[in-house]
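Read the numbers this way: they start at 1 and go in the same order the structure lists the ligands and their atoms. If you're wondering where the values come from, they're calculated on a predicted model, not measured in any experiment. We number each residue from 1, following the sequence as shown.
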Amino acid sequence: MATNVEIATRRVASTNPATGELLRELDCASDAEVHAAVARAHSAQPAWAALSVEERIRILRKFQRLLHENKTEVATLITQEAGKPYVEALLTEVLVVLDAARFLIDNAFAFLREQPVPHGSVAMKAKKGRILREPYGVIAIISPWNYPLSIPAVDALAAVITGNAVVLKPSEFTSLIALKLASLLHTAGVPKEVFQVVVGDGATGAALLNSEVDKLIFTGSVPTGKRIAQAAAARLLPVVLELGGKDPMLVLDDADLDVASSAAVWGAFVNAGQACLSVERCYVHQSLYEKFLDACVAKAQKLRVGNGMDPQTDIGPMIHGRQLRIVETQVEEARTQGARVLAGGARLPELGPHFYAPTVLADVTHKMHIMREETFGPVLPVAPFSGDAEAIRLANDSEFGLAASIWTRDKKRGEAIARQIDAGTVMVNDVISCFGISEAPHGGFKASGIGRSHGQFGLEEMVRVKYLDTDRLPRMKKLWWYGYGEKLTHQMEAFVDLQFAHRIGDRLRATLKSAGVLKSRKL
Ligand code: NAD
């Protein structure tokens with residue numbers, strides 16, 4: 001009989017969601033392995049940060065070239081592991097990462113350059129101020145499965161170009177893509193300890209959160225984000241939280257019906273609706289409502305659902321049964337509460353275990369979960385509205401605030417409404433493509449998150465800002481140091497008046513009074 005208690009190693013399975021085929025099983029990193037990875041990252045990071053920015057940019061350029069050369073292999077792996085159509089893997093993952101690298105190659109040097117801080121205050125004119133942007137040290141990234149390359153890669157590239165080391169815990173459903181990212185970065189010249197992947201499930205993520213990392217970039221669901229925020233608060237770990245959404249689409253009475261209905265169908269069904277920026281609810285002016293529904297139904301029924309490796313496929317499988325059941329439950333609840341199911345509304349078991357038909361629902365209301373909770377599946381729920389004020393109210397009636405879109409032929413009207421929507425991004429006459437604009441910040445209001453990724457704001461998340469101040473008159477004592485008394489008080493009152501008195505006469509009088517200040521202070 002064994003005397004030692006054997007602790008079974010947890011494993012994660014990477015499977016093809018279209019076929020159920022097991023691609024590979026991997027051991028989850030243990031707590032000790034996670035801590036060891038973070039320790040290795042800490043040891044390697046100073047040398048990485050000591051490289052010139054030009055050298056890090058050279059390595060990033062090499063990574064970009066390698067990713068481009070391997071685009072077919074990488075996109076194929078994404079389709080096999082995450083299910084999305086190959087063309088989507090190419091455009092929304094590989095291309096997004098290539099362009100993020102382009103943005104960093106073009107901007108990292110200027111971003112990391114010392115930034116002078118001119119001083120406006122008369123009292124501080126003799127000082128030279130600069131902003132330094134320094135790496136945090138080790139940045140942890142915990143990522144989801146729905147954009148298994150672009151989400152962790154965009155964050156990781158911004159982290160390493162600014163001199164950080166990274167430990168990535170990818171989703172347990174898409175480990176292979178993360179390992180491929182690591183292999184490309186290492187081949188390009190990023191040291192193995194500077195970019196590491198710890199494979200595993202939520203417990204592995206929790207171990208990383210509890211390790212000696214200096215910042216955490218988390219992308220995932222609101223419930224996990226809240227758990228992470230609580231744990232991070234206990235030790236004041238800085239975090240970026242990129243969480244879920246319930247993005248509204250507002251189709252105004254002057255919208256182009258054909259364009260807007262195509263946008264709704266693509267925006268709701270791309271990646272089988274499993275995009276944080278998906279159109280999750282659609283509000284249409286009552287004058288267009290029925291025609292809009294007809295157009296969406298006709299377009300949805302033409303879509304081909306199947307294996308993402310088939311070039312004819314528009315919509316692939318959902319990632320797993322749990323996600324599919326959430327969709328099924330919300331659609332069934334809406335149906336029983338009076339929503340009309342105009343297209344889809346059922347699984348497609350003949351295609352495989354995780355396929356769900358693109359679904360168009362009409363007459364949904366805010367009492368239904370389908371309009372309040374993230375669905376994250378191929379469902380387009382549509383409701384009518386009667387005026388702009390009502391559309392804005394409905395759009396903002398949500399705990400989420402990731403993104404929104406407004407559809408109108410009148411750009412000014414669209415922009416005026418956009419300014420009244422509580423969301424991190426509002427697009428006028430487009431959906432989702434903001435994620436592919438490397439310069440545009442990505443992040444949410446309200447429960448959709450804290451902080452930003454992408455672009456300048458994403459870079460700012462990767463650095464600690466240090467203010468460096470050098471006094472140009474090192475032999476002069478400061479006027480405000482000790483030596484307090486009535487005289488200094490009068491002189492300082494005059495000094496304040498000199499700068500801020502409303503009347504010019506008061507300022508002149510103050511100038512004369514404060515002239516004695518310098519003389520009276522010993523140098
Ligand atoms: P999830 O929250 O279940 O998991 C995300 C990651 O967190 C995974 O790697 C998981 O293993 C890890 N994790 C789980 N429990 C953990 C814990 N206790 N401590 C540390 N890590 C833990 O989310 P998901 O199902 O992988 O992804 C879908 C969600 O992600 C959706 O809600 C979607 O809206 C959101 N998302 C948001 C964005 C955005 O940019 N705002 C982008 C993509 C996805």
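Taking every heavy atom of Asn146 and a limit of under 4.0 angstrom, the matching atoms of ligand 1 come to 43 (C), 44 (C).
Of the protein's non-hydrogen atoms, the one nearest atom 27 (O) of ligand 1 is Pro144 CB, 3.3 Å. The protein heavy-atom contact nearest to atom 17 (C) of ligand 1 is Gly202 O, 3.6 Å. In terms of protein heavy atoms, atom 21 (N) of ligand 1 is closest to Gly205 CA, 3.6 Å. Scanning the protein heavy atoms around atom 28 (C) of ligand 1, the nearest turns out to be Phe376 CE2, 3.8 Å. For atom 8 (C) of ligand 1, the closest non-hydrogen atom of the protein is Ser143 O, 3.4 Å.
At a heavy-atom distance under 4.0 Å, only side-chain atoms of Ile228, from C-beta outward, approach ligand 1. With a 4.0 Å heavy-atom cut-off, ligand 1 is reached by the backbone of Asp201 but not by any atom from C-beta on. Within the 4.0 Å heavy-atom criterion, neither part of Tyr147 lies near ligand 1. By the criterion of a heavy-atom distance under 4.0 Å, the backbone of Pro170, and not its side chain, is placed next to ligand 1. For Ile142, every heavy-atom contact with ligand 1 shorter than 4.0 Å involves the side chain, none the backbone. Contact annotation for Gln323 and ligand 1: no heavy atom of the residue comes within less than 4.0 Å of the ligand. Residue contacts with ligand 1, taken as heavy atom pairs separated by less than 4.0 Å, involve Glu374 solely via side-chain atoms from C-beta onward.
When each of Val94, Leu77, Thr92 is checked for a side-chain contact (heavy atoms from CB on, under 4.5 Å) with Leu149, only Val94 meets the rule.
A donor-acceptor pair under 3.5 Å is formed between the side chain of Gln274 and the backbone N or O of Ile319. At distances below 3.5 Å, not a single donor-acceptor pair connects side-chain atoms of Thr174 with backbone N or O atoms of Pro148. Side-chain atoms of Arg133 do not come within 3.5 Å of backbone N or O of Leu459 as any donor-acceptor pair.
In this comparison of Ser221, Pro148, Ala275, Gly200, the heavy atom closest to atom 2 (O) of ligand 1 sits on Ser221. When Phe218, Trp145, Phe400 are ranked by how near their heavy atoms come to atom 26 (O) of ligand 1, first place goes to Trp145. Closest heavy-atom approach to atom 19 (N) of ligand 1 within the set Ala206, Ala231, Ala207: this belongs to Ala206.
The aromatic rings of His442 and Phe435 sit perpendicular to each other, their planes meeting at more than 60°, with 30° as the lower class boundary.
Taking the six-membered ring for Trp, Tyr283 and His366 have ring centres closer than 6.0 Å.
Cation-pi geometry between Arg347 and Phe355 is not satisfied (NZ or CZ under 6.0 Å from the ring centre, within 45° of the ring normal).
The protein reaches atom 36 (N) of ligand 1 closely, with a heavy atom under 4.0 angstrom from it.
Note on residues 138-153: pairs passing side-chain hydrogen bond (donor to acceptor under 3.5 Å, both in side chains), not counting sequence neighbours, are Glu93-Ser150.
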